[in-house]
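Sequential numbering from 1 along the given sequence is applied to the chain's residues. Remember, predicted model here, so these are calculated numbers, not experimental data.
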Amino acid sequence: MARSPHSAHSQRRLSVGEKVRHALTEVMQRGEIREPLLETAVVTVTEVDMSTDLKLATAYVTVLGQSDVEPYVAALNQHAKFIRGRITPALRQMKFMPEVRFRPDTSFDNFARIDALLKSPEVARDLDDQDDDGDKN
């Protein structure tokens with residue numbers, strides 16, 4: 001079965017996004033960004049979403065032990081051009097070097113909210129009601 005061009009394109013975006021994520025992680029691990037706020041923080045790049053033309057990379061970040069990541073995201077965005085220059089050697093096979101922008105990763109907050117909902121008494125009661133209905137039939 002032949003792949004559709006759309007799925008191949010999506011696979012390419014995912015692959016390039018993962019390469020950009022690895023390159024960003026290496027730069028942050030080496031401590032190359034001279035910003036007092038970032039020098040002491042453990043910044044994790046959780047995902048990189050590439051635009052369809054691969055010229056824009058949106059990096060989602062979280063900071064270990066910090067509930068408010070906005071100051072860290074702002075600092076990363078201020079140093080985005082420097083960071084772009086530092087990841088260039090790792091991505092030299094690309095035709096265009098993507099512009100990088102940073103955004104806070106809210107997926108962990110969403111997971112926590114869903115987990116809290118699933119553990120709520122209302123959901124537990126509804127699940128118990130379904131179990132009782134299943135036993136009767």
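Taking 4.5 Å as the limit, every side-chain heavy atom of Val61 sits out of range of all side-chain heavy atoms of Asp105. The shortest distance between side-chain heavy atoms of Leu76 and Met28 falls below 4.5 Å.
Of all heavy-atom pairs between Leu37 and Ala41, the closest is O-CB, 3.7 Å. Shown here for Pro104 and Val73, the closest heavy-atom pair between the two residues is N-CG2, 3.8 Å.
With sequence neighbours left out, Arg86 forms a salt bridge (Lys or Arg N to Asp or Glu O under 4.0 Å) with Glu32. Residues satisfying the side chain to side chain contact (heavy atoms under 4.5 Å, CB included) criterion with Ser15, sequence neighbours excluded, are Lys19. Arg21 meets the side chain to side chain donor-acceptor pair (under 3.5 Å) test with Glu18; sequence neighbours excluded.
Within the structure, side-chain hydrogen bond (donor to acceptor under 3.5 Å, both in side chains) pairs that include any residue of residues 72-83 comprise Glu35-His79 (at least two apart or interchain). Evaluation of the salt bridge (charged side-chain N to carboxylate O under 4.0 Å, His left out) test over residues 36-48, restricted to residues two or more places apart or in two chains, returns Arg34-Glu39.
Counting only distance, with no hydrogens or angles, the side chain of Thr62 and the backbone of Thr44 share no donor-acceptor pair below 3.5 Å.
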Could you give the side-chain donor-acceptor pairs of residues 89-102 under 3.5 Å, partners two or more places apart or in another chain?
| residue | atom | partner | partner atom | Å |
| --- | --- | --- | --- | --- |
| Arg92 | NH1 | Pro89 | O | 2.7 |
| Arg101 | NE | Thr58 | OG1 | 2.8 |
| Arg101 | NH2 | Thr58 | OG1 | 3.2 |

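Hydrophobic clustering (side-chain heavy atoms under 4.5 Å, transitive across Ile, Leu, Val, Met, Phe, Trp, Tyr) keeps Tyr60 apart from Ile33. In the hydrophobic clustering of this structure, Val16 does not group with Leu56; members are Ile, Leu, Val, Met, Phe, Trp, Tyr whose side-chain heavy atoms approach within less than 4.5 Å, directly or through other members.
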Side chain to side chain contact (heavy atoms under 4.5 Å, CB included) evaluation trace for Met50 with Leu14: CA-CA 7 Å; Met50 298 300 298; Leu14 290 171; over 6 Å; no

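Hydrophobic clustering, defined by side-chain heavy atoms of Ile, Leu, Val, Met, Phe, Trp and Tyr closer than 4.5 Å, groups Val42 together with Leu64.
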